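Scroll down for the structure; my scribbles are underneath it.
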Amino acid sequence: MEGNLNMVGYGLAAIGPGIGIGLIFAAYINGVARQPEARNVLQGIAILGFALAEALAIIGIGLAFAL
Amino acid sequence: MCVSYTLLAAEGSQFESPGPGDFEYPPIFGEGTFFTKPMLIIVVATVLVAVLFFLAARRAAAVPGKGQFMGESIYGFVRNGIALDTMGREGLRFAPYLATLFAFIVTLNISGIIPFVQFPATSRIAIPLFLAVISCVIFNTIGIRRQGFLGYFKNMMFPPGIPKLVYVLLAPIELVSTVIIRPLTLMLRLTFNMFAGHLVLLLFILGGEFLLLEKGGLVGIAAGSISLLGSIVLTFFEGFVQILQAYVFVLLTALYIGGAMSEEH
């Protein structure tokens with residue numbers, strides 16, 4: 001077996017943001033299903049939350065290659 | 001990449017998985033010059049965006065042509081969908097900058113899936129770094145100009161309505177978060193989204209090619225076909241991610257500017 005242990009660590013680290021992004025979009029879909037007219041407002045918020053949660057995964061992959 | 005790949009194949013077929021080394025390009029005009037493929041992409045993207053908006057604005061007609069329609073839809077999307085929604089009417093001043101930023105980042109990102117170009121120039125950290133520094137300077141300058149130097153930092157670090165003792169923790173966190181973490185995450189998010197996306201595409205395409213041509217056999221052909229078909233799906237997904245990341249970059253810049261303009265944080 002060859003490879004880098006960093007990548008295993010990154011795989012573990014990606015679980016958190018994965019769950020987080022899932023929760024964010026679950027809430028977004030729930031919100032739109034309940035109030036379809038609020039879609040435009042919710043979309044910006046959902047994308048923002050997604051971007052912030054995703055940043056963790058992205059920092060993870062950056063460090064996996066850098067360290 | 002292609003050269004090293006064929007060399008390896010000749011030695012005895014061993015797949016070399018793509019890594020950060022695939023993002024280093026040699027100079028186009030031979031040794032000793034500095035002009036590389038990502039630089040060429042940036043120059044072309046700059047010219048494209050400038051020409052698009054210049055032509056769209058100059059030949060403005062009541063019945064828009066194709067170019068004008070494209071320029072106006074991009075501008076209208078950023079102006080109404082981002083600037084107006086996040087900053088209100090005050091944000092219209094920033095709509096031209098945000099629209100240019102959006103068009104520029106989209107062009108650089110989308111170069112990652114255009115055939116024969118196939119390198120997202122934003123995966124080199126220098127470009128997002130520079131764009132993030134510009135965004136950081138803009139929103140801090142706006143905040144200082146609107147609320148005064150002391151007022152800006154006071155509103156940022158000491159939001160009202162919080163127990164006094166919490167300020168010991170909150171003030172440094174807010175300061176670091178606004179001045180350092182914000183541009184840092186702007187930069188890292190764009191860079192590594194493009195980096196990871198390009199890496200995955202490389203892995204699927206080169207891996208599929210290796211399985212089909214070098215490994216062969218029933219397993220190799222089946223797995224290689226699946227991998228290459230998957231790479232087509234992933235290319236479209238990458239296109240979606242690339243546009244989404246440009247949108248996120250511009251949206252966050254607009255939100256930061258909006259936050260610096262309003263008094264209450």
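Remember, it's a predicted structure, so these values are computed and weren't measured experimentally. Below, chains carry the letters A, B, ... as their sequence lines are ordered, and counting in each starts from 1. What's counted below: heavy atoms across the whole structure, side chains too, no hydrogens, waters or symmetry copies.
Residue contact with chain A, scored on non-hydrogen atoms closer than 4.5 Å, involves the side chain of Leu255(B) exclusively. When heavy atoms are compared at a cutoff of 4.5 Å, Ile82(B) does not approach chain A at all. For Phe249(B), no part sits under 4.5 Å from any heavy atom of chain A, backbone or side chain. There is no contact between Leu190(B) and chain A, counting heavy-atom distances below 4.5 Å. Contact of Leu188(B) with chain A is made through backbone and side chain together, with heavy-atom distances under 4.5 Å.
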Output side-chain donor-acceptor pairs under 3.5 Å for residues 128-143 of chain B, partner residues at least two apart or in another chain, one line each.
| unit_1 | atom_1 | unit_2 | atom_2 | d |
| --- | --- | --- | --- | --- |
| Ser135(B) | OG | Leu131(B) | O | 3.3 |
| Ser135(B) | OG | Thr253(B) | OG1 | 3.2 |
| Asn140(B) | OD1 | Tyr152(B) | OH | 2.7 |
| Asn140(B) | ND2 | Cys136(B) | O | 3.2 |
| Thr141(B) | OG1 | Val137(B) | O | 2.4 |

Ignoring hydrogens and angles, write down the donor-acceptor pairs under 3.5 Å from the side chains of residues 87-97 of chain B, residues two or more places apart or on other chains.
| unit_1 | atom_1 | unit_2 | atom_2 | d |
| --- | --- | --- | --- | --- |
| Glu90(B) | OE2 | Arg146(B) | NH1 | 2.9 |
| Glu90(B) | OE2 | Arg146(B) | NH2 | 3.4 |

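Of all residues spanning residues 46-64 of chain A, those with a heavy atom less than 4.5 Å away from chain B's heavy atoms are Ile47(A), Leu48(A), Phe50(A), Ala51(A), Leu52(A), Glu54(A), Ala55(A), Ile58(A), Ile59(A), Ile61(A), Gly62(A), arranged by number. Contact annotation for residues 15-29 of chain A against chain B (heavy-atom separation below 4.5 Å): no residues qualify.
No more than 12 heavy atoms of other residues, nucleotides or ligands sit less than 6.0 Å from atom CZ of Phe69(B).
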